[in-house]
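Quick note: numbers below take in every heavy atom, side chains included, and nothing from hydrogens, waters or symmetry partners.
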Amino acid sequence: PSKMENAFTKKVPPSFDGATSFKAYKTATELWYTLQDEATKKQAGILIVGQLSGQPQSLALALGANAIKAENGFAQVMNSLDKVYQDSVEVQKFNAFQELLRSKRSSFSSVSEFVAAFYARLHEYRAQDDVQALSDSVVAMLLVDLAELTGKQRNALFASTGGRFELELIAKHM
């Protein structure tokens, strides 16, 4: 059986090789850490290093055994990985914006499924600190564009909203 990316159990932390998503790895590792009792948390640095491979493991081992097995070994290992694998704030903002723009509705998804997925991406974009705000009317027009509605569907939508481009109103009538 193949191993799922970022899969973990209470006893075994997620693995990371540097080629998969660091954000997903970090989230999974933080979730794994919260499941641990205090005694295991003190050994968490050692446990996560055992699940690293390639460059990530080399970076962690460069900290030295004393740092890894220290009470704050988990934080030290994660900080060393952050320095190399965590995207800069600007890259995070750009990636969130790109995800928003790439969220076209597929022919297999309903409009309501698409709207829910769009809102999730919009939330992720807006969650970025100091992000350039997009007005609700611009976001509403983006939502309509990415939904790939037919001309007839667009006309019906705009008629139902009285021609107003308010995000909540547009989403409600989609």
Give the minimum heavy-atom separation between [X] and [Y], together with the two atoms involved.
X: Pro56; Y: Gly18; value: CG-N, 3.5 Å
X: Arg164; Y: Ile170; value: O-CD1, 3.7 Å
X: Ile68; Y: Leu61; value: CD1-CA, 4.0 Å
X: Trp32; Y: Ile48; value: CZ3-CG2, 3.8 Å
X: Leu101; Y: Leu146; value: O-CD2, 3.4 Å
X: Val84; Y: Gln55; value: CG1-NE2, 4.4 Å

- All ring pair (Phe, Tyr, Trp, His ring centres under 6.0 Å) counterparts of Tyr119, not counting sequence neighbours: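 Counting only residues at least two positions away or on another chain, Tyr119 forms no ring pair (Phe, Tyr, Trp, His ring centres under 6.0 Å).
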
- Could I get the full list of ring pair (Phe, Tyr, Trp, His ring centres under 6.0 Å) partners for Tyr25, not counting sequence neighbours?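 For Tyr25, the residues satisfying ring pair (Phe, Tyr, Trp, His ring centres under 6.0 Å) (neighbours in sequence not counted) are Phe16.
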
- Message: If you apply the rule salt bridge (charged side-chain N to carboxylate O under 4.0 Å, His left out), what do you find for Asp37 with Lys42, and how did you get there?
- Response: CA-CA 9 Å; Asp37 57 36; Lys42 291 177 183 177; over 6 Å; no

Does [X] share a hydrophobic cluster with [Y], counting links as ILVMFWY side-chain heavy atoms below 4.5 Å and allowing steps through other members?
X: Val139; Y: Leu169; value: no
X: Val49; Y: Val12; value: no
X: Val111; Y: Phe165; value: yes

Are [X] and [Y] packed together at the side-chain level, in the sense that at least one heavy-atom pair is separated by less than 4.5 angstrom?
X: Lys10; Y: Gln36; result: yes
X: Glu113; Y: Phe108; result: no
X: Thr29; Y: Phe8; result: no
X: Lys172; Y: Glu168; result: no
X: Ile46; Y: Val77; result: no
X: Leu122; Y: Leu167; result: yes
X: Phe114; Y: Leu143; result: yes
X: Leu81; Y: Leu52; result: yes

- Is Glu99 salt-bridged to Arg102, going by a charged N under 4.0 Å from an acidic O?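 Counted as a salt bridge, because a side-chain N and a carboxylate O are separated by less than 4.0 Å.
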
- Please check if atom CD in Gln98 has more than 12 non-hydrogen atoms from other residues, nucleotides or ligands closer than 6.0 Å.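 Correct, the count exceeds 12.
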
- Exceeds 12 heavy-atom contacts within 6.0 angstrom, atom NE2 of His123: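 Open.
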
Enter the distance from [X]:[atom1] to [Y]:[atom2] here, rounded to the nearest 0.5 Å.
X: Asp17; Y: Gln51; atom1: CG; atom2: CD; result: 11.5 Å
X: Tyr85; Y: Ser80; atom1: OH; atom2: OG; result: 9.5 Å
X: Tyr33; Y: Lys26; atom1: OH; atom2: NZ; result: 14.0 Å
X: Gln43; Y: Glu71; atom1: CD; atom2: CD; result: 11.0 Å
X: Met78; Y: Lys83; atom1: CE; atom2: NZ; result: 13.0 Å
X: Leu157; Y: Thr150; atom1: CG; atom2: OG1; result: 10.5 Å

- Task: Check whether any side-chain N or O of Arg105 sits under 3.5 Å from a backbone N or O of Ala147 as a donor-acceptor pair, and report yes or no.
- Result: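 Such a contact is found between Arg105 side chain and Ala147 backbone.
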
